[in-house]
Amino acid sequence: MSELQQEKVIDGFNLVVKAMKINKITEIYGVAGIPVTDLMRLAQENGIKYYGFRHETSAGFAAASSGYLQQWPGVCMTVSAPGFLNGMVALANATTNGFPMILISGSSNRAIVDLKQGDYEELDQMNSATPYAKAAYRINRVEDIGIGIARAIRTSLSGRPGGVYLDLPAALLPAVMPYESGLASLITVTDPAPAQFPSEHAVKQAIDLLRTAKRPIVVIGKGAAYARVEHDLKTFIEDASLPFLPMSMAKGLLPDLHPLSAATARSLVLGKADVVLLIGARLNWLLSHGKPPLWAETAKIIQLEIDSVEIDSNRRIDVPVVGDVASTMKLILKEFAKGTFKAPKEWLDVISIKKKENAEKMASRLENRTVPMNFFTALSTVNKVMQTFPDACLVSEGANTLDVGRNLIDIKKPRHRLDSGTWGTMGIGMGYAIAAAVTQQSPVVALEGDSAFGFSGMDVETICRYELPVTIIVMNNGGIYRGDDINRFNKGDPGVTTLMASARYDVMMEAFGGAGYNATTPDELETQLNKAITSGKPSLINVLIDIHAGTESGHLKKLNTTQGK
Ligand code: ADP
Ligand code: MG
């Protein structure tokens with residue numbers, strides 16, 4: 001043997017795993033297959049937890065929510081072309097929501113792919129990913145694995161976080177290089193999301209403007225939840241008696257039942273506010289683009305935001321405060337201490353009166369305990385039980401389930417609610433729930449419309465296989481939106497929004513060894529949900545909801561294009 005042949009080498013498989021290990025990637029979510037199966041095995045051998053899913057999109061959603069919950073990119077690993085494209089939905093969703101995530105896919109033979117000669121699972125994956133990802137990279141040489149992984153991690157976390165695609169051509173993995181230089185090529189990423197302080201001038205302007213406000217309101221978004229600013233936010237809001245509105249995933253930064261929460265007077269405060277302080281929230285469709293009629297044309301806006309391009313995106317921002325919100329809140333508190341102020345009492349009184357009025361309206365709505373249940377009956381019952389499990393994370397998707405549940409279910413702790421988010425994505429349910437269970441060591445409740453559940457339902461098998469403490473609630477009204485649609489043209493065929501109202505989703509859970517429950521009354525639902533969460537075992541409650549309950553398109557009725565009307 002020559003000296004060269006005897007030299008100790010390391011291959012791409014080992015370099016990828018080592019690069020992930022030294023960069024605190026502790027879990028991988030994915031679906032095994034060519035060419036990444038052995039990469040997954042090697043990761044397991046090296047102490048990285050691997051969670052194998054039934055569909056790449058679900059695995060990708062798990063990686064995305066893991067990234068959001070841990071401020072560190074979640075990793076999804078897939079096979080080539082079709083598996084990669086399934087993962088792309090989740091990657092694009094992560095980018096849209098600002099969650100740090102890395103999708104790593106194996107890809108087929110470059111030479112064949114580029115000449116379109118018809119390889120197994122042929123696709124130019126890197127270029128396909130580019131428009132939907134924060135960035136897309138391909139590692140072509142084994143000596144670049146360290147750089148490639150470091151680059152993916154840093155890109156996903158820096159500035160506004162997002163989804164990064166990393167392409168690993170099949171030929172890269174078995175390729176070798178000398179052992180010592182291989183190890184030396186790896187990079188431990190340091191400080192990928194460095195503190196970004198805003199200018200002191202901007203902070204002073206923000207406080208000066210708030211000081212003049214007669215009707216201030218603070219809108220808190222999931223950027224603030226991601227940045228974990230609950231402590232400073234609470235101090236500021238309470239010391240200045242500022243009313244606040246949480247966006248859905250920012251619920252729990254301050255508890256929903258906090259006396260300064262204006263959530264139940266939302267239209268009033270947005271319509272009447274003269275100064276709005278946006279903290280890590282975009283003026284997108286979820287906030288009616290900051291425009292009338294919901295918003296006052298004359299309101300002055302202060303925006304705390306990491307991405308300067310977001311400023312003036314939908315309407316004029318009077319005081320942009322560009323920086324990371326954790327650093328910004330420190331400066332805000334410092335400036336505030338120089339001369340504190342309180343929101344005017346008359347304004348707080350106006351809000352209180354409206355809150356009381358709306359609470360009374362809601363209470364009368366909730367008095368109706370009809371069977372079969374409607375969304376209000378069932379979801380107020382879910383709320384009642386969830387208040388006794390304040391550590392439980394809630395995942396929610398659907399139309400009416402999502403919309404009604406957002407208002408009815410109070411969240412007490414930060415980052416304890418994950419939902420369809422910025423894209424209004426259906427299918428996040430099982431993926432988000434699995435990652436929440438894996439990373440938070442707390443019980444998880446996935447509150448699902450029957451339609452929404454269908455997008456990721458097969459991953460109940462994953463929940464059972466890994467024995468995760470997830471309780472799924474399927475609000476079964478037998479349809480997308482409602483279950484009473486009829487086919488007006490071919491009698492006998494189902495209408496376009498119809499699903500099976502008689503479906504027993506609980507039996508599906510039992511098929512994999514989990515606990516199934518069928519709730520026909522609020523009392524049954526209460527008992528079963530208590531039991532399911534307490535058990536810590538995979539459980540599914542099929543909740544019988546009136547097929548006539550719910551509205552088409554939920555709260556988004558105005559976006560629905562209606563034929564002939
Ligand atoms: P929501 O849907 O809750 O309203 P969005 O996702 O629309 O929230 O907005 C979150 C905003 O927060 C984004 O514009 C994002 O750039 C911003 N953001 C994310 N991380 C930070 C951070 N660390 N500091 C400041 N802003 C941040
Ligand atoms: Mg439904």
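Whatever order the structure lists them in is the order used to number ligands and atoms, beginning at 1. Heavy-atom basis, side chains included; hydrogens, waters and symmetry copies ignored. Given the structure is predicted, the values throughout are model-derived calculations rather than measurements.
Across all non-hydrogen atoms, the minimal contact from Tyr226 to Pro161 is CE2-CG, 3.6 Å. Asn487 and Asp493 get closest at one heavy-atom pair: CB-O, 2.8 Å. Counting all heavy atoms, side chain and backbone alike, Leu91 lies closest to Ala133 at CD2-CB, 3.7 Å. Looking at every heavy atom in both residues, Leu286 comes nearest to Arg266 through O-NH2, 3.1 Å.
By the 3.5 Å distance cut-off applied to N or O atoms, Val325 is counted among the residues near ligand 1. Geometrically, ligand 1 and Tyr226 share no nitrogen or oxygen pair separated by less than 3.5 Å.
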side-chain contact (heavy atoms from CB on, under 4.5 Å) for Ile311 and Glu305? Distances and angles first, verdict last. CA-CA 8 Å; Ile311 305 298; Glu305 168 60 51; 4.1 Å; yes
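Scanning for side chain to side chain donor-acceptor pair (under 3.5 Å) contacts around Asp419 gives Ser248, Arg417, with sequence neighbours left out. For Glu510, there are no salt bridge (Lys or Arg N to Asp or Glu O under 4.0 Å) partners at least two apart in sequence or on another chain. Annotation: side-chain contact (heavy atoms from CB on, under 4.5 Å) contacts of Thr422 (sequence neighbours excluded): Thr96, Asn97, Lys222, Arg282, Asn284.
By the 30° and 60° cut-offs, the orientation of the rings of Phe336 relative to Phe236 is perpendicular.
Atoms of ligand 1 lying under 4.0 Å from any heavy atom of Asn284, numbered from 1 in the order shown and given with element: 7 (O). Listed by number with element, the atoms of ligand 1 under 4.0 angstrom from any heavy atom of Ala227 are 23 (N). Listed by number with element, the atoms of ligand 1 under 4.0 Å from a non-hydrogen atom of Gly221 are 3 (O). Close contacts of ligand 1 with Thr422, meaning ligand atoms under 4.0 Å from a residue heavy atom, involve 6 (O). The Gly280 neighbourhood of ligand 1 comprises atoms 8 (O), 9 (O), 10 (C), 11 (C), 12 (O), with distances under 4.0 Å to a heavy atom of that residue.
Scanning Met329, Arg282, Gln303 for the heavy atom closest to atom 5 (P) of ligand 1 points to Arg282. Remark: among candidates Lys222, Glu310, Lys251, the nearest residue to atom 1 (P) of ligand 1 is Lys222, based on non-hydrogen atoms. The option from Ile306, Leu287, Thr96, Leu157 that lies nearest to atom 27 (C) of ligand 1, judged by heavy atoms, is Ile306.
For the 3.5 Å distance criterion, the side chains of Asn476 and Asn542 qualify, holding a donor opposite an acceptor. Side chain to side chain, Ser58 and Tyr29 fail the donor-acceptor criterion of an N or O pair below 3.5 Å.
In this structure, Glu305 has a heavy atom closer than 4.0 Å to ligand 1. Not a single heavy atom of Ala225 sits under 4.0 Å from any atom of ligand 1.
Summarising the local packing, CZ of Arg151 is surrounded by 12 or fewer heavy atoms from other residues, nucleotides or ligands at distances under 6.0 Å.
Exactly one residue among Gln70, Gln71, Glu230 makes a side-chain hydrogen bond (donor to acceptor under 3.5 Å, both in side chains) with Arg415. That residue is Glu230.
Looking only at protein N/O/S atoms, the ones less than 2.8 Å from the Mg ion (ligand 2) make 3 in total.
Contacts with ligand 1 closer than 4.0 Å are made by no heavy atom of Thr328, backbone or side chain.
At the shortest separation from atom 4 (O) of ligand 1 among protein heavy atoms lies Met247 CG, 3.2 Å. Counting only heavy atoms of the protein, atom 19 (C) of ligand 1 lies nearest to Gly223 CA, 3.8 Å.
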